[in-house]
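By convention in this document, chain letters (A, B, ...) are assigned in the order of the sequence lines, proteins followed by strands, and residues within each chain are numbered from 1. Since the model is a prediction, treat every value here as computed from it, not as a measurement.
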2 protein chains.
Amino acid sequence: MADGGANRGESSPLDELLGYQLRRASSAVMADFAQGLARVELKPSEATVLLLIENQPHATQSEIGRALGIKRANMAPLVASLEKRQLVERAPVDGRSQGLTLTELGAEAAREARGAVEANEVKFFGRLSLPQREQLATLLAAVRG
Amino acid sequence: MADGGANRGESSPLDELLGYQLRRASSAVMADFAQGLARVELKPSEATVLLLIENQPHATQSEIGRALGIKRANMAPLVASLEKRQLVERAPVDGRSQGLTLTELGAEAAREARGAVEANEVKFFGRLSLPQREQLATLLAAVRG
DNA sequence: TATTGTTATACTCTATAACTATA
DNA sequence: TATAGTTATAGAGTATAACAATA
């Protein structure tokens, strides 16, 4: 790693800060997740969109974006790319909205994405006991308010 | 917010994923932190660098970068900008390393950065009890391994 | 008037590669 | 050989502003 990895050899005033620890933990988990997805040529944002469409077929891209905290302006090129790769299909809902569904290829990609998600969860949270995982979920929800 | 904010109205399969919850919590905290720093015209990465230099004067930028998980290649323009703004001074340690210290202006910026950090901590973690905060710190450390 | 989707654009953070110079 | 610092460059995510079409 040489650079960029987590340094744990020296204490720093940031160690006391939960916001900082939260960011570092999130970065570590996300970097591994991105690496796990690289094999399938999906970015994390694309993978989460696929999983959400799988779970809520015919949702519009605005709805998906809202659920994921991704702005409309950023959803447009993201979905356009998924459609171009024939992972997602659009079907008009009304004159301005289009419902999104997975193609067969998209469903396969979603399965692979879920595999990457689960490997990532096991790798980072498998060390925790079930009560610890529940506690962490509770605390994270409380932080988000 | 209209877009981009956290949607909590609908359940999704991602709600079960600790990695996803971790990322969303981190994003929320970081967005608020960045906003709090905007008043001082500091980015989060710059603020953390200032705080670390304050705590470890004469540390080299490689050392600071290692402690923060920022690569040398990314530290270079960051520190150059802080130096240009006269927040940081460099003093040669040996022929290839330079120790970093805060100027008076930099010390003042660090104080303001610390204020933003503490407001951010209170806003998001003040809701938690002390044992809960300790538990969260323990769990995040365990996640990072 | 509000919402959907879109384009253009900019900023932050991160990543690799390649180079100089010093140890 | 390894390390410090630099430059160039690319990718991922996010942000705002503005627009057309539709509700």
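- Scanning atom types as modelled, no donor and acceptor separated by under 3.5 angstrom connect the side chain of B/Asp94 and the base of D/dA4.
- In the model, A/Gln132 has no side-chain atom that pairs as donor or acceptor with a side-chain atom of A/Arg127 under 3.5 Å.
- When atom types are taken as modelled, the side chain of B/Ser81 and the backbone of B/Pro77 share no donor-acceptor pair closer than 3.5 angstrom.
- Between B/Thr60 and D/dA4 there is no side-chain N or O to OP1 or OP2 distance below 4.0 Å.
- With B/Thr60 contributing its side chain and B/Gln98 its backbone, the two residues share no donor-acceptor pair below 3.5 Å.
- Note on B/Arg24: every side-chain N or O is 4.0 Å or more away from OP1 and OP2 of D/dG13.
- Distance alone, capped at 3.5 Å, is enough to place a donor-acceptor pair between the A/Arg24 side chain and the B/Leu68 backbone.
- Between B/Arg66 and D/dA4 there is a side-chain N or O to OP1 or OP2 distance below 4.0 Å.
- Residue A/Gln98 has its side chain nearest to C/dG5 when only C/dT16, D/dT6, C/dG5 are considered.
- Across all strands shown, B/Ser27 has no heavy atoms under 4.0 Å from either base or sugar-phosphate atoms.
- An OP1 or OP2 oxygen of C/dT12 is reached within less than 4.0 angstrom by a side-chain nitrogen or oxygen of B/Lys43.
- Closest to the side chain of A/Asn74, out of D/dT14, D/dT6, C/dT6, is D/dT14.
- Interface remark: the A/Arg96 side chain does not form any donor-acceptor pair with the C/dT4 base, using a distance-only criterion of under 3.5 Å.
- Of the candidates D/dG13, D/dA4, C/dA2, D/dG13 carries the atom nearest the B/Arg23 side chain, counting heavy atoms from C-beta on.
- Taking atom CZ of B/Arg72 as the reference point, atom P of C/dT20 lies 15 Å away to the nearest angstrom.
- Contact check, A/Ser45 against D/dG13: a side-chain N or O comes under 4.0 Å of OP1 or OP2.
- Phosphate contact (OP1/OP2 of D/dG5, side-chain N/O of B/Ser62, threshold under 4.0 Å): present.
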